[in-house]
Amino acid sequence: MQNPVTHAQAVLRHDWTETEVIELFNAPLNDLVFRSQTLSRQYFDPNNIQLSALLNIKTGGCPEDCAYCPQSARYETEVKAGPLMDIVEVKQAAMEAKQHGASRFCMGAAWRSPKDSDLDKVVDMVKAVKDLGLETCATLGMLNDDQALRLKQAGLDYYNHNLDSSPEFYTEIISTRTYEDRLKTLQAVRSAGMNVCCGGIIGMGETLIDRACMLIILANMPKHPESVPINLLVKVNGTPLEHNADPDPFEVVRMIAVTRIMMPASYVRLSAGRTEMSDEAQALCFLAGANSIFYGEKLLTTDNPGLIHDQKLLDRLGLKPTH
Ligand code: SAM
Ligand code: DTB
Ligand code: SF4
């Protein structure tokens, strides 16, 4: 049964300060989660979860040096570079994702930014996936205004482009493009009229202030991103961050709760890293306000909990997929 939204909706804020966000991060967990869950209920059915399927349409060989990423050509990982996938295979994967209950299909490419000839092919893929009745999302690297418009015209609903961390910490993780470049792409996506999917990663060695700064930049934008993915670093052999220390699972819960409080009307996705989390820690994240996950056997190149595991978990928690 659908729970009607019964509460008055809180006003969306765009004036968050570092002091108050740090205070949120440090609040007693019960207080923090009570607040985030209460806000969540003002905007969403607490027993619904949005399921996105992910497909890597272009694997590896990326010229960028993102220290977390197994697809960078600069690191010796098990990922081998491949060509852009054929549209027939993409359509097949999207049909399967739909059959399994996903409502959104996200296509990822290991590019710094798409070449125009590549974009022609992605445009056709977006149209084909849209025709199946799925919401469409893509993450292809940096876009200029024309490219963003072309994707919008093809029927792309969401564009994923993460800030990953604070501007200060970003420079320790990526040297081949700037934070400003990322913000420009987000602006192009907004101007083209697409929904913005933008979040970050925790577990890269960043401080609480870095996490707070990233969320402040997102929440203080004129419009909150409609979707905010929170990734727990997947430590991949061969990447510079392979030996990083794992954050305490409660830090992930806190990150989700603070994101929910600052952007209460946005989907907050518990993204990469669920394979390393217990079912109980994931359930706490849902309680704290996460209401979206990647659903399927694989993320881009790394494992995700399989469909059977996730279906069982959602059943145990009484969570129903949104359509
Ligand atoms: N190449 C494009 C770009 O960087 O925008 C699109 C694909 S890229 C893999 C999408 C996002 O995946 C990154 O911005 C990062 O947030 C996330 N990601 C990549 N590797 C990760 C890892 N090992 N653990 C967690 N998140 C990761
Ligand atoms: C996002 O924030 N997380 C997804 C998606 N956007 C594209 C990617 C996670 C990638 C994890 C590492 C991998 O599988 O290669
Ligand atoms: Fe390339 Fe994206 Fe990986 Fe960075 S995160 S190396 S841009 S695929």
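No experiment lies behind these values; they were computed from the predicted model shown. Each ligand, and each atom within it, is numbered from 1 in the order the structure gives.
Of all atoms in ligand 3, numbered sequentially from 1 with element shown, those under 4.0 Å from a heavy atom of Tyr68 are 5 (S). Set against the non-hydrogen atoms of Thr301, the atoms of ligand 2 under 4.0 Å away are 13 (C), 14 (O), 15 (O). The contact set between ligand 2 and Asn160, taken as ligand atoms under 4.0 Å from a residue heavy atom, comprises 5 (C), 6 (N), 7 (C). Heavy-atom contacts of Leu233 reach the following atoms of ligand 1: 24 (N), 25 (C) (cutoff under 4.0 Å). Within ligand 2, counting atoms from 1 as listed, the ones closer than 4.0 Å to a heavy atom of Pro229 are 2 (O). Under a 4.0 Å criterion applied to the non-hydrogen atoms of Thr139, ligand 2 contributes the atoms 7 (C). Under a 4.0 Å criterion applied to the non-hydrogen atoms of Ala109, ligand 1 contributes the atoms 1 (N), 2 (C), 6 (C), 7 (C).
Tracing side-chain contacts under 4.5 Å through hydrophobic residues (I, L, V, M, F, W, Y), one reaches Val129 starting from Val189; they form part of the same cluster. With hydrophobic clusters built from ILVMFWY side chains whose heavy atoms lie under 4.5 angstrom apart, Val196 does not share a cluster with Tyr267.
Between Asp118 and Lys58 there is no salt bridge, since no side-chain N of the basic residue sits under 4.0 Å from a carboxylate O of the acidic one. The pair Arg177-Glu180 fails the salt-bridge criterion, with no side-chain N (NZ, NE, NH1 or NH2) lying under 4.0 Å from an Asp/Glu carboxylate O. Between Arg190 and Glu226 there is a salt bridge, since at least one side-chain N of the basic residue sits less than 4.0 Å from a carboxylate O of the acidic one. For the pair Asp120 and Arg150, the salt-bridge criterion is met [side-chain N within less than 4.0 Å of a carboxylate O]. Glu96 and Lys91 are not joined by a salt bridge, as no carboxylate oxygen comes within less than 4.0 angstrom of a charged side-chain nitrogen. Between Lys235 and Glu276 there is no salt bridge, since no side-chain N of the basic residue sits under 4.0 Å from a carboxylate O of the acidic one.
Here the heavy atom of the protein found nearest to atom 27 (C) of ligand 1 is Ile201 CD1, 3.8 Å. Looking only at heavy atoms of the protein, atom 8 (S) of ligand 3 is closest to Ala110 CA, 3.5 Å. The protein heavy atom nearest to atom 1 (Fe) of ligand 3 is Cys62 SG, 2.3 Å. Taking atom 5 (C) of ligand 2 as the reference point, the nearest protein heavy-atom neighbour is Phe294 CZ, 3.7 Å. The protein heavy atom nearest to atom 3 (N) of ligand 2 is Asn231 OD1, 2.9 Å. Atom 20 (N) of ligand 1 has Tyr68 CD1, 3.3 Å as its closest protein atom, hydrogens excluded (heavy atom only). Counting only heavy atoms of the protein, atom 3 (Fe) of ligand 3 lies nearest to Cys69 SG, 2.3 Å. Remark: minimum distance from atom 14 (O) of ligand 1 to any protein heavy atom is reached at Asp164 OD1, 3.4 Å. Nearest to atom 12 (O) of ligand 1 among the protein's heavy atoms is Asn162 ND2, 4.5 Å. Atom 9 (C) of ligand 1 has its closest protein heavy atom at Leu300 CD1, 3.3 Å. Nearest non-hydrogen protein atom to atom 6 (C) of ligand 1 is Thr139 OG1, 3.1 Å.
Among the atoms of Cys66, an N, O or S atom is found under 2.8 Å from atom 4 (Fe) of ligand 3.
In this pair, His14 and His224 present their aromatic rings tilted. The plane angle is within the 30 to 60° band.
The cationic atom of Arg104 (NZ for Lys, CZ for Arg) lies less than 6.0 Å from the six-membered ring centre of Tyr158 and within 45° of the ring axis.
Between the side chains of Glu76 and Asn237, not a single donor N or O lies within less than 3.5 Å of an accepting N or O. Of the N and O atoms on the side chains of Arg260 and Asn291, at least one donor lies less than 3.5 Å from an acceptor on the other residue. Remark: the Asp157 side chain and the Thr136 side chain contain an N/O donor-acceptor pair separated by less than 3.5 Å. No side-chain donor from either of Thr322 and Asn48 sits under 3.5 Å from a side-chain acceptor of the other. In summary, the side chains of Ser165 and Asp210 do not present any donor paired with an acceptor at a separation below 3.5 Å, with no hydrogens or angles considered.
Residue contact check for ligand 2: Tyr68 places no non-hydrogen atom closer than 4.0 Å to it. Heavy-atom separations between Gly141 and ligand 1 include at least one value shorter than 4.0 Å.
With a 4.0 Å cut-off on non-hydrogen atoms, Lys235 does not touch ligand 1 at all. When non-hydrogen atoms are compared, ligand 1 lies under 4.0 Å from the backbone of Val234 as well as from its side chain. Residue Arg177 touches ligand 3 through its side chain alone, judged by heavy-atom distances below 4.0 Å. Within the 4.0 Å heavy-atom criterion, the part of Pro70 lying near ligand 2 is the side chain and not the backbone. Within the 4.0 Å heavy-atom criterion, neither part of Cys66 lies near ligand 1.
Looking at ligand 1, you'll find an N or O of Trp111 within less than 3.5 Å of one of its N or O atoms. Between Asn162 and ligand 2, an N or O atom pair is found at a separation short of 3.5 Å. Residue Thr302 has at least one N or O atom closer than 3.5 Å to an N or O atom of ligand 2. The shortest N or O to N or O distance between Pro70 and ligand 1 is not under 3.5 Å. In terms of N/O distances under 3.5 Å, ligand 2 is approached by Leu300.
Counting heavy atoms only, Arg182 comes closest to atom 5 (O) of ligand 1 of the residues Met142, Met204, Gln71, Arg182.
The shortest heavy-atom contact between Ser266 and Pro225 is OG-O, 2.7 Å. Minimum interatomic distance between Phe169 and Glu206 (heavy atoms only, all atoms of both residues): CZ-N, 3.6 Å. Scanning all heavy atoms of the two residues, the minimum distance from Gln50 to Ser103 falls at NE2-OG, 3.3 Å.
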